[in-house]
Every structure is written in C-alpha cells, then in structure tokens.
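In this chain, numbering begins with 1 at the start of the sequence shown.
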Amino acid sequence: MGEVAMEEQEREISDIEPQECSTGPENGVMLVVNHSRILPPFSVVLATVLYCAEFVAAAVLCSLYHKTEDVIWMSFTIAFMLLPAVLIQLALTFIHRDLGRDRPLVLFLHLLLLGPVIRCFEALVVYFKAGKKEEPYVTISRKINLKKGQDMPMEWEIGQSERNLATHRNAFKRTAVIQAFLGSAPQLTLQLYATIQEKYVFPARMALMIITLISITYGALVCIVLAIQIRFDDYKVQLRPFAYLCMIVWRGLEIATRITALVLFSTALTHWVILVGMVNLLFFFFLPWVEFWARKGSLTEGVEKNFSKLGTTVVLSMFTLLYACINVFCWSAVQLDLSHRELIERKQRWDRLALFYCGRFVENFILITLWYFFKSDFYEYVCAPLLAVQLLICYSLSVLFMLLFYQFGHPCRRLFKYNVHDCLHCVCCRTGRRGERGQRRKLPPSYSTAATMVLVPEEPLELLDPQNSQLLDLTSQLEEQETAIVEDMMEAA
C-alpha cells in the first residue's frame, strides 16, 4: 500500500489552490512559482468530530441499556462501537507507518482508541505553523486544470507542510469510510430495529441515530470523491456546490431507504433478514475474487513491499470486506481490480451502475412487499401502502439525483465519451425508429382508382430532386452515427 498511499497524497495535494503568482506557459505548461495556498483540514476535523460524537453517544446509550438490563441491545451496541474504532486505529497506524518510529505517546493513545484525536491535533498544528517560515519545496505537482474550459497543464511547488497535511487527509478519508460502513450503518440498523420493537424512542438513541446517518452519508460522499480522484488522476478535480447538493440528496435518500427497508423486513421476518444480509455480503465479497481468478491475475505488488503473500492476501481480504459492506447499503462508486496496482478499476462501468440500481430497486421492492403481507400488529395505526410507496419513491428520487450529478454536476463530465443524455437519446431514437418501421410494414398498399398504372424505368433520385437526396444522405449519416454510439457503448459495457 506504500506506493498507493504516495499517489493518494499527490491527489490530495492537487486539490490545493495555487496562488496567483505564476510564470508564463513553457512548453504548454503553466508553472506556478510560489507555494500553494494551504487549505484548512476541514475533512480531518469533521471525521474526528463524527468519530468522537458517535463513540460518546453509543457509550451513553450502552449505560442506559445497562440500567434497564437490556443485555442484547447493549452487547450489539458495544460491538458496533468497538469494531470500527479498533480498525480505525490500525488504519491510522498503518498509513502513518508509526510502528517503525519512536513515538510511544502516539501509540499509547491509539491503544486508548484516541488515535483520531491526536492525529487531528497534529494536522491542526501543521496547518497553523505553515507559512510562518519559508521552507523548500519537496516535490512538484502537475495537473490539468479544467476550470473555465482551460485544459492547460499546471505545475506548482509543494512544501513539506502541504505534504504532511495531504497525508492526514488521505488517512482520515479511509477512516471515515471505515467508520461509516463498518460501524455507523450496522449501528443505525440496530437502533432503528430496537426502536420499533420497544415502541419507544430514547433521546440518547435518537441522537445516536442522527449522528450515524450523518456519518454514513459523509462516508458515501468520500467514496464518490475518491473514485473521481482515482479515475481522473491527471486532472485537477473541483466540485461545485450543485454537485455536493446532488450527492448529499442522492446518498441520503439511498441509504435511508435501504436501511428502512431492511429494518421493516426484519420486524416481519426476523430470521430471514440474516439470510438477506449474508447473501449480499458474500456476493459482493467474492465478486472481485472471482473476477481476479477469471482473469488469471497475480497478486499486486503495490500493497506493501515488506508483506508476504499471506500478508498481502489478508490486507486484500480486509479491503474486499470493506467494499462488500459498502455495497450492502449503497453503491460503492468503484469496482475492485485486485490485479491492478491501485486495486481500483479506472474505467467507468455504466453497465455495472445500471445493474446495481435495477437489482437493488427490485430487492427493496421484494423486501417491502414481504413486510406488507407479514407485518405485525404494531403497524395497524400506520398506513402501510402509503409507507411502501413513499419508500419506493424516495429510492427513485435518489436515482434521479444520481443522474443529475453525472449529467450536470460531475467535475470531469467533459471527459466522458458518452453521458446520461447520450444514452437516453440513443435508446429513445432507436425505439422510435423501430416503432415507425413496424407501423409502415403494417400499412396495406393503396392504389389510385382514377389513374392508370404505367410502368416506367426508375430514375435516380438525384435527377428527380437533388434536395431530397441531400436530406436522405444527411438522415442516413445521423442514423449511422447513432448506431455507432450505441455499438461503442455496448462494447464498452
């Protein structure tokens, strides 16, 4: 993972805004002389706040469960609180490579599950000390700027402070994803199920549910940003407020609908929900490995040079487990390629995206339908048909905002060979042409009874009407272009 981590630092550095002072283009490259303007580590602070808030809220709720002697709820709450916390400590230690360094205080705080706090404090110290004294640059970052239609490559110097902050941002993006889908998502599902079973909402439980929903949504947003940065590594990625709005609504509705469908189904058929969850988890866990064996690939050497094959397999298995947990609740935005050095497939797979959302919509529909027929007496005062329709509408709205994001909010949509509009336009055109051809074939031949039929040799269309021939040529060219677009999309799929 060493080389991958270094490339991720470069992607983080590329998000930094360069200052206005720059030299003219040399060989087509705009060279920025001064150091980049360092942005505050907001992502680091937000991830730390969510981690601490969820941990404290879960601890308070566990104490209430202990007072009421709810052993089952308390046990599961503790498990979903400690599991992501331990994995986060391991991830931070692994990314920062602290095991080979003499930092006993930091390691001790990690043992106390306070690793994110000390890392956040270090990032803030680096940020406030940056710029007070001049420091030599350690590397030069080169990216293509797509802002305002400018495709000129830019280079700017990166100092030690920028590089250290990039390392912290890189680490906390991973911890946010781990916290969201290995802790917050199961925790939210558990607490919502407990609320329905007990028919009462504790204030502490409501606070924990709100925090976990925010954590899951933020983790899903991080997945999208990481996927964009990996696929478009050579470009400077900048997201607009409209893009963030689409992503928040898209992810929020998708996750809330999915968890609600699972919880409602579990209240009606408690034991069957375990089967549904395990089938989803095992399918997405073994899917990358089956593709890896089908390609006859070898284990990537970019994970860690000091690891043996067994260690590399363990790390890839944990990475695949995280990928599977993400897909149980929402679209992961990436496809794994275990034979690739970056472990991520750079190609945008629109067919996978369409299959996932179609399959997930059908699955949610089946779960809600089974809940409707086997629901308990608790829902007598709830309009069950209206609730079912609302859930399906909310999931459809999440898909709509996803399409809006890829069509209008994606920062690199100009680089797409085909977009959502092209796909829909080609499908509609092909459907319309097929309908017109079918109607023409069904029409019977009509002959005029007033005139006499005379057989004459056919003349070339160009001699009869040159304008009509030009229009037909233009129509045939357009049909060939649309057919080529569809064929290219099918080959890419």
- Message: Going by the rule side-chain hydrogen bond (donor to acceptor under 3.5 Å, both in side chains), which residues pair with T68 if we only count those two or more places apart in sequence or in a different chain?
- Response: D70

- Can you name the residues that form a side-chain hydrogen bond (donor to acceptor under 3.5 Å, both in side chains) with R240, not counting sequence neighbours? none

- Can you run down the side-chain hydrogen bond (donor to acceptor under 3.5 Å, both in side chains) pairs that involve residues 72-85, sequence neighbours left out, and say none if there aren't any? W73-E198, T77-Q191

- Query: Is there side-chain contact between T189 and Y193, with at least one heavy-atom pair below 4.5 Å?
  - Reply: no

- Query: Looking at residues at least two apart in the chain, or sitting in another chain, which of them share a side-chain contact (heavy atoms from CB on, under 4.5 Å) with L355?
  - Reply: none

- Task: Please report the C-alpha distance between E345 and R352 in whole Å, then the side-chain angles of each, then the deciding distance to 0.1 Å, and finally whether the salt bridge (Lys or Arg N to Asp or Glu O under 4.0 Å) criterion is met.
- Result: CA-CA 12 Å; E345 188 175 352; R352 287 284 186 88; 5.5 Å; no

- Item | ring-ring contact (aromatic ring centres under 6.0 Å, His included) involving F202 - partner list, sequence neighbours excluded | Y200

- Query: Below 6.0 angstrom between ring centroids: does that apply to W350 and Y406?
  - Reply: yes

- Could I get the full list of side-chain hydrogen bond (donor to acceptor under 3.5 Å, both in side chains) partners for S184, not counting sequence neighbours? E54, S215

- Between the side chain of R251 and the main-chain N/O of C330, is any donor-acceptor distance below 3.5 Å? no

- Item | Residues which pass side-chain hydrogen bond (donor to acceptor under 3.5 Å, both in side chains) with Y357, listed by chain and number, not counting sequence neighbours | W250, E254

- Message: Taking side-chain contact (heavy atoms from CB on, under 4.5 Å) as the definition, give me every residue that meets it alongside L111, ordered by chain and number, with sequence neighbours left out.
- Response: none

- Item | Partner residues of L322 under the side-chain contact (heavy atoms from CB on, under 4.5 Å) criterion, sequence neighbours left out | V177, I178, L182, I326

- Any pair with a residue in residues 39-51 that passes side-chain hydrogen bond (donor to acceptor under 3.5 Å, both in side chains), sequence neighbours left out, goes on the list, sorted by first then second residue, please. Y51-Q89

- Applying side-chain contact (heavy atoms from CB on, under 4.5 Å), name anything that partners F283, two or more places apart in sequence or on another chain. L287

- Any idea how F361 and F365 line up, ring-wise: parallel (<30°), tilted (30 to 60°), or perpendicular (>60°)? parallel

Check residues 255-265 and write down every donor-acceptor pair under 3.5 Å in which the side-chain atom is one partner and the other belongs to a residue at least two apart or another chain.
from : atom 1 : to   : atom 2 : distance (Å)
T257 : OG1    : L253 : O      : 2.6
R258 : NE     : V328 : O      : 3.0
R258 : NH1    : E363 : OE2    : 3.3
R258 : NH1    : N364 : OD1    : 3.0
R258 : NH2    : V328 : O      : 3.4
R258 : NH2    : E363 : OE2    : 3.1
T260 : OG1    : A256 : O      : 2.6

